[in-house]
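Every chain is numbered from 1 and lettered A, B, ... according to where its sequence line falls, protein lines coming before strand lines. Just so it is clear, the structure is predicted and the values come from calculations on it, not from any experiment.
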Protein chains: 2
Amino acid sequence: MANLKQLAQSLGLSITTVSRALDGYSDVSAATRQRVREAADKAGYRPNASARRLRKQRAELVAVTLPSEPGHIGPLHFLDMLSGCAEHLAGAGLNLVIAPVPHGESELDMCRRFVDGRRVDAMLLVRTKRQDERVEFLQSRGFPFVTNGRTESAIQHPFIDGDGFSGFHAATLRFHQAGHRRIAHVGGPQDYFFAHVRRQGWEAAMSECGLSPDLYSEQMPTEQGGYEAALALLARSDRPTAIVCATDEMATGVLRALREVDGGQSISVVGHDDLPIGAFTSPALSTMRMTGGNLGRSFASLLLRTIAGEPAEALQELHSIEFVDRDSHHLPTILA
Amino acid sequence: MANLKQLAQSLGLSITTVSRALDGYSDVSAATRQRVREAADKAGYRPNASARRLRKQRAELVAVTLPSEPGHIGPLHFLDMLSGCAEHLAGAGLNLVIAPVPHGESELDMCRRFVDGRRVDAMLLVRTKRQDERVEFLQSRGFPFVTNGRTESAIQHPFIDGDGFSGFHAATLRFHQAGHRRIAHVGGPQDYFFAHVRRQGWEAAMSECGLSPDLYSEQMPTEQGGYEAALALLARSDRPTAIVCATDEMATGVLRALREVDGGQSISVVGHDDLPIGAFTSPALSTMRMTGGNLGRSFASLLLRTIAGEPAEALQELHSIEFVDRDSHHLPTILA
DNA sequence: AAGATCATCCAAAACGTTTTGGGTGTCAAC
DNA sequence: GTTGACACCCAAAACGTTTTGGATGATCTT
C-alpha cells in the first residue's frame, strides 16, 4: 500500500528526495538517506513496477517464444535453461515471460503484439528457420533479440548455437573410420537451420569419404518421425549399418524401429541434444551435445548486452559439439 | 512509435474519443469508431502496456515460482503445462513470467518482491509444503494465488491437486490383492504435502490389510534418493516384494538399485507422475497420474477467477489418480 | 417554445514513478 | 560584503493510458 507520496509525507520530505535517497544519489545527505532507507524498509516499500516502467520507458521484461509445432526444443532440459536465464535476468531487474503462440495466431503476430505494445525490452527466439520471418520482423523494427540457433539472414544478429556442421561431420567420419560404409542420416525439416546444417555436415563427410549421401530420410523432428524415417531406410536393399539422427527425439524413434526389425540391434545410432531420456532408452542412446557451461546465463547475458546496444557481431556464440558415448553405437567393428 | 496522442492529432479527435473508440464504447458514433479503427490498424497502434498497467492498476502478469531444490516438479511435462497455462492467460491479456528463486534469496523474499512491487496480479505456487510460508505470506497480504498441491493452511485457498492418498491407498491394496505382503514405501520429505499424503495412503492401506507400515524409507525426491532408499530396503531381512514410490524420479532410482541386486528384477515397482522417462526405463515403469485434461488451462482458469475475486472454496480441484500399467509391477503372482 | 432526452465528443485528472532544472542556505575566498 | 562553490533539497513535468464528469447540439415531448 505504501507509495512514494505517503512515504515522503510521513518523513516530511519531498517525493523527489525520497526517490533519490533510495536510488543512492549523492545529492542527498547521508543522514537523510539513512533515515529514508530505514523508513522504506520498515514500510516494506517497493517502487511500483508499472509506474517505473512507464517513466523509464522500459518494460523490464523479456519474452521467450515457445514453438507450438511438435518436436522437442533443442537444449537439454529446456526448462532448466529458461530457469537459469530468468534467474540471471532477474539479477538485472528483468523478468522472463514465456510466450507460447496462441491457437490461431502466428508467431509473427505474437512478436508484433510484444513489440508494438512495448510489452518487453527484448525477445528470445528458439527453433530458428533458415529464413525466419520473426527475425526479419524484429530486424525491421530495430528491436533487440537473441536467437537460439542461427539463420541465413543477411543482417547479423545475436545468437547462441552449436556447430552442427562440425558435429555431424565428425560423427560421420568417426563411423567411417570404424569401418562403416553405409551411413544414413535421419534429418529434420530443412527449413529449420539446425536441421539443414546438420545434414550438410553429414553430406560433406560422406563425400570426403567418397561415399554418396544417398541414405537420407527426412521427417518431422519427433519420435514418430524418427520411427518412420528408420522404417524407410530399413526397407532399402542397401540397408545402413549406422544412422546419424538430427535429434535425440528422432533417434529414440529410430531405436524403436530397430527393435522391431531383424538384425536391427546391430545397427549403430547416434543422436543429438543429450536429452535426459537418452540415458534410459535401450540401448542407451549415444548422442552429441553443445559444449559451454550455463546456457541460461549466456542467453541472459546476450539479451542484456543487446538491450544495452552492443553490436550483433559481438554477441554471437558458436559452441563446439562433443560426443556423449553410450551403448547405441558400435565403433570397434574394425578399429584400425 | 505511434501513441494515442499522435493518433488523435492525425484524426482531428481528442485522445479520449480515440481511446474509447478503440475500446468499443457506445458513446462514440459508429462512423468515427470505424474511422479510428482503420487509422489505428494502419498505424499498427497498440496501447502502451506500461501506461495501461499503471492506469488500470493491474500488472497483467502472473508469476509462477520455480523451485530451486532438486527433484522434478510434479505434473508430467511441466513446461507443457506452463505453456498451456500461459496460452490461456494470454487469452485474457495476461502474461506468465517464470520466477526461479535467485541464488541467496528465499522463495518468500521473491514473493515479497512480486507482491509489494505490484509486479504481478497473482502467483502460481508449485511444490507446496504442509506448512508453506509462501502461502501464509500471500494470505496475510490478501494476494491472489493458486497452488499446485494442497497445504495444511487453516485458511482455504485455491489449488489443483491429485488425490495422492487414494492413489497410494489403491496402489497398495492392489499389490495386497495380488498376493504381496511385504509392500514398501519409498517416500519423500514429509514437509511436502504431496509426500506426506502419499505416505499416509500407503500406511492406511497397510493397516487395513493388517500389515504394519514398517518397510519405509525416506529420501530426497530425486533419482539418487530413490536409489539410496531402495538400497536401504533391500539390505533388510524382510526384503519387500513390492515398492510403492512417491515419485517417478525416485522410482527410476529404485529400478537402478534393483538391477544391481540379486533377484531385484522380481520386485514390483510403481511410481507416480507419469514422467515421459518412465516409458524408457528398463523395465518400463508402471506409474500413476492425475486425471483431468488440460492442466495448464485449469490453472489459468483458477488464476483468472481468483483474481476476479471468486472465493477460494469454489476454486479447489482434487483430481483422482489413475494407473498407468507398464512392466515394472507384477500383479498376476496369485491373482484370485 | 421550453424542457427533457439523447448522441457525440472532450478537457482534465489520475495512476506512481524518475528526472529536469532550479532554489536556498552555508562556508570559504577575495 | 560580494562571489563562487558546495551541500542539500524540492516543485513540476513527463511517461501514455483510462476514466470522470461534463459540454454541445440535435431531436423528441409536452
Side-chain angles (χ1 to χ4, degrees), chain A residues 1-37 39-40 43-61 93-95 113-121, chain B residues 1-37 39-40 43-61 93-95 113-121:
Chain A
M1 272 301 94
N3 60 17
L4 222 39
K5 194 175 186 176
Q6 290 163 16
L7 201 57
Q9 229 148 26
S10 81
L11 283 165
L13 288 170
S14 75
I15 291 178
T16 307
T17 302
V18 175
S19 172
R20 297 181 74 85
L22 292 174
D23 277 5
Y25 279 72
S26 63
D27 66 351
V28 29
S29 75
T32 54
R33 178 159 51 229
Q34 178 71 5
R35 199 161 64 94
V36 168
R37 288 220 167 121
Y45 168 80
R46 319 246 172 180
N48 180 297
S50 302
R52 193 198 22 241
R53 286 164 176 169
L54 173 59
R55 172 61 228 225
K56 300 198 96 167
Q57 296 287 77
R58 310 209 282 101
E60 298 181 349
L61 247 37
L94 303 199
N95 285 120
R113 265 225 325 280
F114 277 106
V115 171
D116 290 339
R118 254 156 243 94
R119 305 178 86 86
V120 296
D121 298 320
Chain B
M1 272 302 97
N3 60 16
L4 222 37
K5 193 175 187 177
Q6 291 163 17
L7 201 57
Q9 229 148 26
S10 80
L11 282 164
L13 288 169
S14 76
I15 290 178
T16 308
T17 302
V18 176
S19 172
R20 296 180 75 86
L22 292 174
D23 277 5
Y25 279 72
S26 64
D27 66 351
V28 30
S29 75
T32 54
R33 178 158 52 230
Q34 179 71 5
R35 199 161 63 93
V36 169
R37 287 217 167 122
Y45 168 80
R46 318 248 172 179
N48 180 297
S50 302
R52 193 196 27 239
R53 287 165 175 169
L54 173 60
R55 172 62 228 223
K56 301 198 97 165
Q57 295 288 78
R58 311 209 280 98
E60 299 182 348
L61 249 34
L94 304 199
N95 285 121
R113 264 224 326 279
F114 278 105
V115 172
D116 291 340
R118 255 158 242 91
R119 305 178 86 85
V120 296
D121 298 321

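Summarising the geometry, the separation between CG on A:Leu22 and C1' on C:dG16 is reported as 14 Å, rounded to the nearest angstrom. Rounded to a whole Å, the CG atom of A:Leu11 is 14 Å from the C1' atom of D:dC9. Taking atom CZ on B:Arg53 and atom C1' on D:dC15, their separation rounds to 15 Å, with Å as the unit. Whole-Å rounding puts the B:Asn48 CG to D:dA14 C1' distance at 13 Å. Between B:Asp116 atom CG and C:dG16 atom C1' the separation is 15 Å, expressed in whole Å. Rounded to a whole Å, the CZ atom of B:Arg118 is 12 Å from the C1' atom of C:dC15. Remark: P of D:dG16 and CZ of A:Arg119 are 16 Å apart, rounded to the nearest angstrom. As rounded to whole Å, 17 Å separates atom C1' of D:dC8 from atom CD of A:Gln34.
Between the side chain of B:Thr32 and the backbone N or O of B:Arg35 there is no donor-acceptor pair closer than 3.5 Å. Side-chain N or O atoms of A:Asp23 include none that pairs as donor or acceptor with a backbone N or O of A:Tyr25 at under 3.5 Å. Formation of a donor-acceptor pair under 3.5 Å by the A:Asp121 side chain with backbone atoms of A:Glu60 is found in this model.
Dashed line: the shortest gap from a side-chain N or O of A:Ser14 to OP1 or OP2 of D:dC10 is under 4.0 Å. Using a 4.0 Å cut-off, no side-chain N or O of B:Ser29 falls inside it from OP1 or OP2 of C:dA7. Close to C:dG16, at under 4.0 Å from its OP1 or OP2, lies a side-chain N or O of B:Gln57.
B:Asp27 comes within 4.0 angstrom of a nucleotide base, judged by non-hydrogen atoms across all strands. Using a 4.0 Å heavy-atom distance criterion, B:Ser50 is classed as making no nucleic acid contact.
Of all heavy-atom pairs between A:Ala21 and A:Arg37, the closest is O-NH2, 3.6 Å. The heavy-atom pair separating B:Arg53 from A:Leu61 by the smallest distance is NH1-CD2, 4.0 Å. Taking every heavy atom of both residues into account, B:Pro47 and B:Arg52 meet most closely at CG-NH1, 3.5 Å.
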- [ ] Apply the test side chain to side chain contact (heavy atoms under 4.5 Å, CB included) to residues B:Leu22 and B:Val36: give CA-CA distance (whole Å), side-chain angles for both, the deciding distance (0.1 Å), then the verdict.
- [x] CA-CA 7 Å; B:Leu22 292 174; B:Val36 169; 3.9 Å; yes

Do any N or O atoms of the protein come closer than 3.5 Å to N or O atoms of nucleotides 18-20 of chain D, and which pairs are they?
unit_1: D:dT18; atom_1: OP2; unit_2: B:Ser19; atom_2: OG; d: 2.8
unit_1: D:dT18; atom_1: O2; unit_2: B:Arg55; atom_2: NH1; d: 2.5
unit_1: D:dT19; atom_1: OP2; unit_2: B:Tyr25; atom_2: OH; d: 3.1
unit_1: D:dT19; atom_1: O4'; unit_2: B:Arg55; atom_2: NH2; d: 3.2
unit_1: D:dT19; atom_1: O4; unit_2: B:Thr16; atom_2: OG1; d: 3.4

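Between B:Ala30 and B:Ala51, it is B:Ala30 whose nearest contact on DNA chain C lies nearer the 5' terminus. Nearest-nucleotide positions on DNA chain D place A:Arg33 closer to the 5' end than the other of A:Leu54 and A:Arg33.
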